[in-house]
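Structure, as structure tokens:
Counting begins at 1 with the first residue of the sequence.
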Amino acid sequence: MSAGSPARWVREQSLSLFFGALFLLTLVGQALAGWHQFNDQQLADGMGRLSLGQYLTSADFAVDVTENWQSEYLQFLVFLVAGIWLFQKGSTESKKLDRPGLESDEDQEVGPHAADDSPRWAAAGGWRTGVFSSSLTLMMSAIFLVSWLAQSVAGWAAFNETRLAQLQDPITWGQYLLNADFWARTLQNWQSEFLAVGSMVILSVYLRQRGSAQSKPVGAAHEETADEG
């Protein structure tokens with residue numbers, strides 16, 4: 001494949017394209033399955049069915065989507081920050097044991113230690129290097145907070161729709177933030193994300209997947225840390 005050819009571009013971006021396609025397929029599947037589930041419940045409650053378009057703009061669909069989004073981004077956010085100071089000996093998900101904290105400018109190749117091909121803001125120094133040094137965490141934080149806010153608003157609307165159908169008074173957004181429904185939706189996702197990350201950290205010490213960037217080489221010692229295949 002020649003440099004700049006479409007085939008080479010697809011190969012070099014194949015991991016992102018693969019997960020982008022999986023995301024769209026599963027989102028469509030969730031929408032269709034959720035639509036049928038919602039209408040089954042509507043019929044059981046003696047209420048009218050919604051069209052697919054009405055369901056996709058409903059609070060029920062929005063809260064189901066956003067409660068998963070916020071937990072996924074929280075997972076990566078916590079992992080990013082915890083990995084600065086915490087270690088797991090032998091894990092590919094841990095930094096090396098002799099490089100605690102934010103590390104030196106020389107180790108991070110910023111300011112005067114930047115290489116010729118370093119990003120421009122890594123070499124600029126001052127506030128630009130400061131912002132760029134935490135840009136991944138800042139972006140993950142922003143997406144998490146926006147998703148969590150969207151979940152709270154959509155969940156509040158869906159919760160009040162159920163209360164009105166049961167001839168109960170609606171509650172305010174502030175009251176919903178203290179309601180068990182909001183925290184049950186939130187924590188059921190958080191616990192599963194933290195379990196998955198913790199499992200990967202530990203299992204990568206002792207188990208292997210040949211050829212994967214998320215696994216150390218098959219013959220690497222269990223004690224080798226931050227050694228990816």
Side-chain angles (χ1 to χ4, degrees), residues 1-37 52-53 55-58 60-84 91-95 108-109 114-123 131-151 154 188-190 192-204 207-218 220 226-229:
M1 287 178 284
S2 60
S5 69
R8 179 166 180 168
W9 184 87
V10 169
R11 180 178 180 276
E12 292 177 345
Q13 316 302 325
S14 56
L15 192 58
S16 298
L17 294 172
F18 174 70
F19 278 104
L22 281 183
F23 164 70
L24 293 176
L25 286 172
T26 52
L27 184 62
V28 170
Q30 179 188 356
L32 294 174
W35 176 46
H36 287 290
Q37 180 191 41
L52 179 58
Y55 175 70
L56 294 179
T57 56
S58 70
D60 287 86
F61 180 65
V63 70
D64 286 347
V65 171
T66 54
E67 72 180 33
N68 285 286
W69 286 6
Q70 59 88 2
S71 64
E72 298 294 341
Y73 283 98
L74 176 67
Q75 170 197 151
F76 287 114
L77 172 61
V78 172
F79 198 19
L80 273 172
V81 176
I84 298 173
S91 177
T92 57
E93 306 302 317
S94 170
K95 62 170 17 178
Q108 290 293 308
E109 299 181 30
D116 292 340
D117 58 352
S118 294
R120 191 155 50 94
W121 279 33
V131 170
F132 188 65
S133 296
S134 299
S135 54
L136 187 55
T137 295
L138 291 172
M139 180 57 72
M140 289 292 180
S141 300
I143 298 174
F144 161 65
L145 291 174
V146 169
S147 300
W148 202 19
L149 175 62
Q151 176 204 327
Q188 71 174 348
N189 286 284
W190 288 7
S192 63
E193 305 302 340
F194 295 145
L195 173 65
V197 172
S199 299
M200 185 64 183
V201 168
I202 295 297
L203 293 176
S204 70
L207 305 179
R208 310 283 189 273
Q209 176 52 61
R210 184 169 181 164
S212 175
Q214 301 305 310
S215 169
K216 64 177 73 175
V218 178
D227 186 8
E228 297 180 349

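Proximity of a side-chain donor or acceptor of Ser5 to a complementary backbone N or O of Arg8 within less than 3.5 Å is detected. The backbone N or O of Gly211 lies less than 3.5 Å from no partner atom in the side chain of Ser215, so there is not a single donor-acceptor pair. Of the possible donor and acceptor atoms, one in the side chain of Thr92 sits under 3.5 Å from a partner among the backbone N and O of Gln214.
The 12-atom threshold is exceeded at CE of Met200, counting heavy atoms of other residues, nucleotides or ligands nearer than 6.0 Å. For Gln37, the CD atom is loosely surrounded, since the number of other residues' heavy atoms within 6.0 Å does not exceed 12.
Note that CZ of Phe19 is 10.5 Å distant from OG of Ser14, once rounded to the nearest 0.5 Å. Considering CD of Gln30 and CG of Leu25, their distance stands at 13.0 Å, rounded to 0.5 Å. Once rounded to the nearest 0.5 Å, the distance linking CG of Leu149 with CG of Leu145 reads 8.5 Å. With values rounded to the nearest 0.5 angstrom, Met140 atom CE is found 10.5 Å from Ser135 atom OG. Remark: Leu32 CG to Leu56 CG distance equals 8.0 Å, nearest 0.5 Å. Note that the CD atom of Gln70 and the CD atom of Gln75 stand 11.5 Å from one another [nearest 0.5 Å].
For Phe132 against Trp121, the heavy-atom pair with the smallest separation is CB-CB, 3.9 Å. Between Ser118 and Glu109, the closest heavy-atom pair is OG-O, 4.1 Å. Nearest heavy atoms, Phe144 versus Leu77: CD2-CD2, 4.3 Å. Across all their heavy atoms, Pro217 and Arg208 have their closest contact at O-NE, 3.2 Å. Minimum heavy-atom separation, Leu138 to Val131: CD1-O, 4.1 Å. Counting all heavy atoms, side chain and backbone alike, Leu80 lies closest to Ile84 at O-CG1, 3.5 Å.
For the 3.5 Å distance criterion, the side chains of Glu67 and Gln151 fail to qualify, holding no donor opposite an acceptor. For the residue pair Ser147 / Thr66, no side-chain donor-acceptor distance below 3.5 Å is found, with atom types taken as modelled.
Ring geometry, Phe194 versus Trp190: the interplanar angle falls from 30° to 60°, so the pair is classed tilted.
Residue Ser204 is tested with Ser212, Ser91, Ser199 for a side chain to side chain contact (heavy atoms under 4.5 Å, CB included); the sole match is Ser91.
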request  = Please lay out, stage by stage, how Leu74 and Val78 fare under the test side-chain contact (heavy atoms from CB on, under 4.5 Å).
outcome  = CA-CA 6 Å; Leu74 176 67; Val78 172; 3.8 Å; yes

query = For Leu17 and Trp9, what are the C-alpha separation, side-chain angles and deciding distance, and is it a side-chain contact (heavy atoms from CB on, under 4.5 Å)?
reply = CA-CA 11 Å; Leu17 294 172; Trp9 184 87; 4.0 Å; yes

message = With side-chain contact (heavy atoms from CB on, under 4.5 Å) as the criterion, how do Val28 and Leu24 come out once you've worked through the C-alpha distance, each side chain's angles and the decisive distance to 0.1 Å?
response = CA-CA 6 Å; Val28 170; Leu24 293 176; 5.5 Å; no

message = If you apply the rule side-chain contact (heavy atoms from CB on, under 4.5 Å), what do you find for Phe76 with Glu193, and how did you get there?
response = CA-CA 9 Å; Phe76 287 114; Glu193 305 302 340; over 6 Å; no

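Two rings, from Trp69 and Tyr73, have their centers 6.0 Å or more apart.
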